[in-house]
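Computed from a predicted model, the values in this text were never measured in an experiment. Atoms within a ligand are numbered from 1 in the order they appear, just like the ligands themselves. Hydrogens, waters and symmetry mates are skipped; everything else that's a heavy atom, side chains included, is used.
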Amino acid sequence: MIDLSRRYDVLVIGGGNAALCAAISARREGASVLVLEAASEFWRGGNTRHTRNMRCAHDSATASLTGPYTEDEFFEDLLRVTGGVTDEELARFMIRESKDVLGWIEAQGVRWQPSLGGTLSLGRTNSFFLGGGRAMLNALYRTAERLGVEVRYLSEVVDLEIENGMFLSATVGREVPVRVTARALVAAAGGFESNIAWLRQYWGAAADNFLIRGTPNNRGTILKILLEHGAQKVGDPTQCHAVAIDARAPKYDGGIITRLDCVPFGIVVNRNAQRFYDEGEDIWPKRYAIWGRLVAAQPDQIAYVIFDASSLRLFMPSLFPPIEALTIPELATKLGLDAEALRRTVETFNAAVQPGTFNHKILDDCRTAELDPPKSHWARRIETAPFYAYPVRPGITFTYLGTRVNREARIIMSDGRPAKNMFAAGEIMAGNVLGRGYAAGIGMTIGSVFGRVAGREAARNARN
Ligand SMILES: Cc1cc2nc3c(=O)[nH]c(=O)nc-3n(C[C@H](O)[C@H](O)[C@H](O)COP(=O)(O)OP(=O)(O)OC[C@H]3O[C@@H](n4cnc5c(N)ncnc54)[C@H](O)[C@@H]3O)c2cc1C
């Protein structure tokens with residue numbers, strides 16, 4: 001039985017990677033730790049359940065990584081994807097720590113495996129969890145429980161008592177609220193991606209058509225309370241990781257299997273059967289994360305990837321089968337598009353395709369001429385029946401707005417002073433490192449590095 005009337009050293013809010021890293025780390029520092037997770041035990045672990053890998057710097061190849069990935073290269077990659085919108089000091093700190101975290105995570109029972117096929121060519125840079133994110137989480141929970149961390153499920157925190165940057169207590173549960181006290185707080189309760197009303201403030205009605213790839217529990221309740229109590233805000237609220245996912249995916253928790261990687265192999269049209277962006281601009285790992293925003297900007301936030309039989313086997317299959325037809329007009333009718341408009345778009349595209357040698361593994365020379373927007377690589381005529389389409393919508397992975405932290409993962413208040421006993425890790429502070437853009441696997445790096453630091457510092461704080 002968990003005794004909620006007891007005053008814990010460290011209270012961790014959340015049940016994903018960041019929370020568990022913090023809980024284990026605090027417990028290993030000798031603190032008594034309570035984890036409050038909104039989800040049930042089966043659904044525990046938020047977005048972390050869906051993950052497959054994490055990006056850590058390393059100086060040489062390992063049993064599961066094909067070569068070195070230096071701190072400098074990691075930082076260069078981060079600069080490129082964020083366009084420089086990152087806190088350089090924190091980013092460099094995170095990257096340096098990530099080297100050690102690779103071994104630390106393993107020491108908590110997590111096992112690695114070589115990169116999976118069809119996973120954005122990450123074999124050198126990213127470590128893959130054996131059994132995926134759920135297995136990774138199970139290992140962390142097992143270790144936490146073995147160490148004596150107490151975990152309470154179905155325990156949504158709905159309010160925090162904070163005075164002058166000092167955490168005093170949390171209120172758990174809506175129907176029968178219970179007050180929980182602790183000497184220090186680690187907020188690891190995710191972003192606000194599942195809160196459609198909050199997203200609507202920035203995206204307008206378009207937000208109603210967004211699909212949320214992960215947990216329905218990351219509604220930003222804790223983030224909002226912290227900001228209302230004077231935590232300094234970091235990041236742009238419209239910035240998030242958003243990819244194109246199958247429009248038939250469920251509203252929440254569709255996970256990785258609803259993502260579509262077929263964009264470079266065909267054309268993408270909107271509801272008016274018009275193309276709107278270069279589908280072959282760059283290799284897919286560098287472009288997959290822009291398509292959520294691109295589709296979000298289209299009428300009704302829907303688009304259709306159109307390709308033919310020659311491309312069907314070139315990408316990872318997803319959960320839903322493509323929609324199939326023997327002619328382009330028939331395909332249009334099945335999609336509810338104007339048949340004549342789609343026929344014209346495909347015909348115009350086909351006429352613009354230049355001769356070249358198709359190679360989907362490199363930036364090949366198959367391109368269009370005098371077409372706006374162009375298709376810069378992998379442009380092949382769409383002419384071999386049957387024809388296929390996937391309807392796509394913006395799939396929001398996680399938001400970047402967060403609380404500012406320092407290198408101790410300590411929350412910085414709006415007057416610039418560090419909070420007395422409040423720390424944050426994971427999505428809730430991702431905006432410190434990710435001002436915009438994304439490099440695959442960095443979400444878990446942010447959670448693991450800052451989770452470990454937050455737990456340690458919260459435990460030390462509680463002792464003093
Ligand atoms: C489909 C998908 C695939 C992904 N793949 C990868 C990948 O391979 N590599 C990678 O690096 N990143 C990936 N990500 C991103 C990654 O999931 C996140 O960056 C990471 O898991 C964030 O960890 P976290 O602990 O901050 O949040 P989460 O794991 O989402 O945990 C947040 C927790 O807080 C709990 N919570 C929320 N509000 C409350 C409250 N008020 N009270 C109590 N508990 C609360 C939630 O129930 C949840 O358990 C993926 C995301 C998705 C959706």
Backbone or side-chain N or O of [X] under 3.5 Å from ligand 1 N or O:
X    : result
G45  : yes
G15  : yes
E427 : yes
T221 : no
I428 : no

**Study point:** Note: R460-E408 ion pair, threshold 4.0 Å (strictly below)
**Key:**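 Result for this pair is no, no salt bridge flagged.
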Check your understanding: In terms of side-chain geometry, is the basic nitrogen of E88 or R92 positioned less than 4.0 Å from the acidic oxygen of its partner?
Key ->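 Result for this pair is yes, salt bridge flagged.
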Practice item. Would you please indicate if the ring centroids of F307 and F315 are separated by under 6.0 Å? Key: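 Centroid distance F307-F315: below 6.0 Å, so yes.
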Check your understanding: Taking the six-membered ring for Trp, are the ring centroids of W112 and F129 within less than 6.0 Å of each other?
Key ->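 So the answer is yes for these two rings.
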Check your understanding: Quick one: ring-ring contact (aromatic ring centres under 6.0 Å, His included) pairs with a partner in residues 57-77, sequence neighbours left out?
Key ->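 Residue pairs passing ring-ring contact (aromatic ring centres under 6.0 Å, His included), neighbours aside: Y69-F74.
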Short list, please: which atoms of ligand 1 are under 4.0 Å from a heavy atom of [X]?
X    : answer
G14  : 33 (C), 34 (O), 35 (C), 44 (N)
G16  : 25 (O), 29 (O), 31 (O), 33 (C), 49 (O)
G426 : 26 (O)
L36  : 43 (C), 44 (N)
I13  : 42 (N), 43 (C)
A18  : 25 (O), 26 (O)
G255 : 1 (C)
I442 : 11 (O)

Practice item. Decide whether N217 and R44 meet the rule of one side-chain donor and one side-chain acceptor closer than 3.5 Å. Key: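 No donor-acceptor contact under 3.5 Å links the two side chains.
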Exercise for review: Scan side-chain atoms only and decide if H377 and D278 contain a donor-acceptor pair under the 3.5 Å cut-off.
Suggested key: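 Checked: H377/D278 side chains show no N/O donor-acceptor pair below 3.5 Å.
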Review point. Ignoring hydrogens and geometry, is there a side-chain-to-backbone donor-acceptor pair from Y288 to D261 under 3.5 Å?
Key: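 Looks like no, no N/O pair under 3.5 Å.
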Practice item. Verify, without hydrogens or angle tests, whether W378 (side chain) and I362 (backbone) share a donor-acceptor contact under 3.5 angstrom. Key: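 Checked: pair present.
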Side chain, backbone, both or neither: which part of [X] has a heavy atom under 4.0 Å from ligand 1?
X    : value
A188 : backbone
V157 : both
I222 : side chain
F450 : neither

For [atom], what is the closest protein heavy atom, and at what distance to 0.1 Å?
atom                    : answer
atom 32 (C) of ligand 1 : N218 OD1, 3.5 Å
atom 29 (O) of ligand 1 : T48 OG1, 2.5 Å
atom 39 (C) of ligand 1 : A189 CB, 3.9 Å
atom 19 (O) of ligand 1 : G443 CA, 3.3 Å
atom 11 (O) of ligand 1 : M444 N, 2.8 Å
atom 38 (N) of ligand 1 : N217 O, 3.4 Å

Test item: [X] and [Y] side chains (from C-beta on) under 4.5 Å apart, heavy atoms:
X    : Y    : answer
D246 : L319 : no
P68  : D59  : no
W43  : R49  : yes
R293 : T238 : yes
R183 : N461 : no

Review point. What residues form a salt bridge (Lys or Arg N to Asp or Glu O under 4.0 Å) with E71, not counting sequence neighbours?
Key: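 Here the qualifying residues are K99.
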Exercise for review: Please say whether more than 12 non-hydrogen atoms of neighbouring residues, nucleotides or ligands are located less than 6.0 Å from CZ in R463.
Suggested key: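 Yes - once you tally the heavy atoms of other residues, nucleotides and ligands closer than 6.0 Å, there are more than 12.
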Exercise for review: Give a yes or no on whether D282 atom CG has more than 12 heavy-atom contacts from other residues, nucleotides or ligands under 6.0 Å away.
Suggested key: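 Yes, because the 6.0 Å sphere around CG of D282 holds more than 12 heavy atoms from other groups.
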On a heavy-atom basis, I'd like to know which of [options] is closest to [atom].
atom                    : options                : result
atom 35 (C) of ligand 1 : E37, M429, K224        : E37
atom 12 (N) of ligand 1 : Y438, Y153, F192, F398 : Y438
atom 9 (N) of ligand 1  : T51, L154, N53         : N53
atom 43 (C) of ligand 1 : A19, A38, G220         : A38
atom 50 (C) of ligand 1 : I446, L137, T397       : T397
atom 30 (O) of ligand 1 : N47, L20, I256         : N47
atom 8 (O) of ligand 1  : E193, R52, H50         : R52

Check your understanding: Within less than 4.0 angstrom of ligand 1, does S155 place any heavy atom?
Key ->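 Distance cut 4.0 Å: S155 passes for ligand 1.
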Review point. Can you find a non-hydrogen atom of M54 under 4.0 Å from ligand 1?
Key: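 Under 4.0 Å: no for M54.
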Practice item. Name the orientation class of the two ring planes belonging to Y438 and H241 (parallel below 30°, tilted from 30 to 60°, perpendicular beyond 60°). Key: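 Judged by the thresholds at 30° and 60°, the geometry between Y438 and H241 is perpendicular.
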